[in-house]
Amino acid sequence: MADIPSPVTRPRQALGLGAGRVKDTLLSRSVVAPIAAVIVFLILWELLVWANGWPDYVMASPSDLPPAYASYWDLFLVMGWQTLWRTVVGLAVAVVFGVAVGMIMGFSRTMRDALYPLLVGFNAVPKATVVPIVALLFVGAHDFNTVLIAFMISFFPIAVSVSIGLSTLEPEYRDILRSLGASQATIFWKIALPKTLPEFFGALKVAVTLAFIGTNLMEIVSPHGRGLGALFDSGKTNSDYPLMFAVLIALAFLGIVLYYIVVALEKTFAGWAERSPT
Amino acid sequence: MSHLIDIRGVTHAYRTESGPLPVLDGLSIAVPEGGFTAVVGPSGCGKSTLTRLIAGLMIPDEGEVRLHGERVTSPRSTVGMAFQNPVLLEWRTILDNVILPLEIVPTKLKRREKEERARRLLSLVGLDGFEDKRPSELSGGMRQRASLCRALVHKPEVLILDEPFGALDAFTREDLWQTMHQLRAEETFTSVLITHDLRESIFLADEVVVLSGRPATAQYKLPVPDTGLRTLDELYTAEAAERLNILRHQIEIAQGRAEPTDTASQPAPPPGSAAQALT
Ligand SMILES: Nc1ncnc2c1ncn2[C@@H]1O[C@H](COP(=O)(O)OP(=O)(O)OP(=O)(O)O)[C@@H](O)[C@H]1O
Ligand SMILES: [Mg+2]
C-alpha cells in the first residue's frame with residue numbers, strides 16, 4: 001500500500017517534474033505554444049484556400065509568401081525599417097505629449113473638465129479624414145506627416161490612462177508624504193508616478209498597435225513611396241496579390257515585435273503589479 | 001502647564017459647492033508630552049479633519065494648533081501618521097515601505113542605519129522575516145503593523161492615528177492594541193488616536209475626548225488613570241464597564257439621541273477618576 005504513489009503525485013514523478021523543471025516547462029510553454037498556434041493558423045489558411053480552389057488574386061495562400069519575400073527581400077528590409085522608425089518616433093512623441101497632458105489633467109480638476117471634451121472629440125475624428133488634410137498642410141514632408149499621424153492616433157489612451165491614474169490616487173497616499181513636508185515633485189516621483197505605471201503600460205500596449213495603424217494609414221492613403229504601406233500599394237497597382245499578403249504578414253510581425261518590447265519594459269518597470277501565477 | 005499638543009479654540013469650515021460646511025467649532029484639546037489621547041465622536045463629525053489640522057495639512061479658519069508651543073502653519077517632519085487604509089506602496093518591499101519617511105525627512109542616517117532602525121521596529125511589532133515581502137503578501141493586520149512602523153520610523157514627536165484598527169477583525173484588533181502598548185513602552189511619542197471603538201479608547205488612552213455632532217467641539221473628557229501594564233482582562237472589570245457606560249451615554253448625546261440635561265440616566269463617575277462634563 002505504502003509504496004503506491006497517490007494518483008495526484010504519480011504523473012509528476014513520472015515526468016520528473018522538479019522545481020527547476022517546472023520553470024523549464026513554463027518557458028517552453030510560453031515559446032512553443034504560440035509557435036504551434038502560428039503553424040496551425042498557417043495550415044488552416046492553406047487548407048482553406050486549397051479547399052475552395054481560390055486563385056491567388058482572390059486570396060493568396062501561405063505557400064505563395066516565401067517567393068514574394070524572396071523576390072522583394074531588399075525592399076522589405078528598407079521599407080520595413082521606414083515603417084518601424086516612423087512608428088516608434090510617433091509613439092515616443094505620443095508618450096511625451098500624452099504623459100504631459102495626462103499629468104495636467106490628473107493634477108488639476110479644472111484642466112480635466114476643460115480638456116476632456118476636446119480630447120474625446122479629437123479622438124473621435126476618423127484619422128483617415130485627417131490624412132489628406134495633413135498631407136496637403138505639409139506637402140512633401142512625408143516623414144513628418146507619417147510621424148504626426150502615428151502620434152495623433154496613439155496619444156489619446158496614454159493621456160487618459162495617466163490622468164486617471166493620477167486623479168484616482170487615494171488622498172492618504174499623498175498625505176503620508178505631505179505630512180512629512182515632502183514637495184509636490186517628491187510626491188510625484190515617489191508615489192504618483194510608480195502608482196500610475198501599470199495603467200500607463202496598459203495604455204502603451206494599445207498605443208503601439210494604434211501607432212502602427214497610423215503610420216500605415218499615411219503610407220497607404222497618401223502614397224509617397226516609403227514604408228511597408230507603399231509596398232502594399234505597389235502590390236495593388238501591379239496586381240501582385242501575394243506581395244500584398246506578404247506585406248500584411250510583415251506588418252503583423254513588426255506589430256508583434258513592438259508589442260512584446262513594451263511587455264518586456266512593463267515587466268521591468270511595473271512587474272510588481274502582476275499577480276503571481278497560481 | 002506645558003502641553004506637547006495644544007489645540008486652542010479651533011474652528012474650521014470646508015468650502016463646498018452648497019456653501020461653507022462648518023466642521024469644527026471652538027475645539028480645544030491638550031495632550032501632555034508622552035500622553036495618549038483618544039478622540040471619539042459621531043460619524044462625520046470632523047475627527048479626520050482634526051488630524052489633518054494637527055498634521056499641518058490644513059490651517060484652521062480660527063484658533064490655532066501648537067506643537068511644543070510652536071504654532072503649526074505647515075506640515076512638519078516631527079509628525080507620523082497612520083490611517084485605516086494602511087496605504088503601503090506595492091512596488092516596495094515591507095522594509096522599503098517602512099524606510100520611506102527616512103527618505104523624505106532630513107537625516108544624517110546612512111542607508112544601513114535606516115535599515116537597522118526599520119528592522120528593529122518591524123521585529124518589535126512581530127514582523128521579523130517579512131522584511132522582503134510585498135504588501136499584498138501580508139494579511140490586513142500585518143499591513144497595519146507595517147504602517148505603524150512607517151509612522152514611527154523617523155522618531156516623530158507626534159503620532160496621529162486615524163482609526164488604524166477600524167477595518168480589522170476583533171481578534172486582530174485586540175492583538176494590535178497590545179502591540180500599541182509595546183510600542184509605547186519602547187518608543188517615545190505623544191499620540192492622538194481617532195477611533196469608533198470605545199473599548200479601544202479606554203484600553204489605549206490616558207484620556208478620552210468625546211466630540212459633539214458636527215460642527216464638533218470637545219463635549220466631554222474622561223481621564224483614564226494609568227494602571228501600568230494594561231491587559232485585556234481589565235476591559236471586563238466593573239470600572240471599565242462604568243467608563244464605557246459614560247462614554248456611550250456621551251456619544252448618544254453627541255448624536256442627539258439623548259438629552260444632555262437628562263442626568264437621571266447618566267451613570268455616576270467611576271471611583272478614582274475625575275470625570276468632568278464640559279457642557
Ligand atoms: N475636503 C473636504 N471638502 C468638503 N467637505 C469635506 C471634506 N472633507 C470632509 N468633509 C466633510 O466634513 C465632515 C467631517 O469630515 P471628517 O472626515 O473630518 O469626519 P470624520 O469624523 O473623520 O468622519 P468618519 O467618522 O466617517 O471618519 C463630513 O461631513 C465630510 O463630508
Ligand atoms: Mg474619518
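Numbers restart at 1 for each chain; the letters A, B, ... are given by sequence-line order, proteins then strands.
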Inset, instruction - Tell me, yes or no, whether the heavy-atom count around A:Tyr259 atom OH, taken from other residues, nucleotides or ligands under 6.0 Å, exceeds 12. - result: no

Inset, instruction - Mind ranking B:Arg92, B:Glu137, B:Arg150 by heavy-atom pairs under 4.5 Å with chain A and telling me who comes out on top? - result: B:Arg150

Legend entry - Atom pair OG/CZ of A:Ser179 and B:Arg76 - distance to nearest 0.5 Å: 12.0 Å

Legend entry - Student check: side-chain heavy atoms of A:Leu180 and B:Pro75 closer than 4.5 Å: no

Inset, instruction - Look at atom OH of A:Tyr260 and say whether more than 12 heavy atoms of other residues, nucleotides or ligands are closer to it than 6.0 Å. - result: no

Inset, instruction - Please indicate whether B:Glu70 has more than 12 foreign heavy atoms, meaning atoms of other residues, nucleotides or ligands, lying under 6.0 Å from its CD. - result: no

Legend entry - Exceeds 12 heavy-atom contacts within 6.0 angstrom, atom CZ of A:Phe188: yes

Inset, instruction - Decide if atom NZ of A:Lys205 counts as having more than 12 heavy atoms of other residues, nucleotides or ligands within a radius under 6.0 Å. - result: yes

Inset, instruction - Under 4.5 Å heavy-atom distance to chain A, tell me which part of B:Ile160 shows up: side chain, backbone, both or neither. - result: neither

Inset, instruction - Please examine the side chains of A:Arg178 and B:Met81, heavy atoms only from C-beta on, and report whether any two atoms are closer than 4.5 Å. - result: no

Inset, instruction - Pick one of side chain, backbone, both or neither for B:Arg134, based on which atoms fall under 4.5 Å of a heavy atom in chain A. - result: side chain

Inset, instruction - Compare all side-chain heavy atoms of B:Leu89 with those of A:Lys190 and state whether any distance is below 4.5 angstrom. - result: no

Legend entry - Atom group of A:Thr186 that falls short of 4.5 Å from chain B, counting heavy atoms: side chain

Legend entry - Heavy-atom check, side chain of A:Leu197 versus side chain of B:Trp91, under 4.5 Å: no

Legend entry - Approximate separation, where rounding is to 0.5 Å, of A:Leu177 CG and B:Leu100 CG: 5.0 Å

Legend entry - Heavy-atom contact with chain A under 4.5 Å, split by part of B:Leu57: both

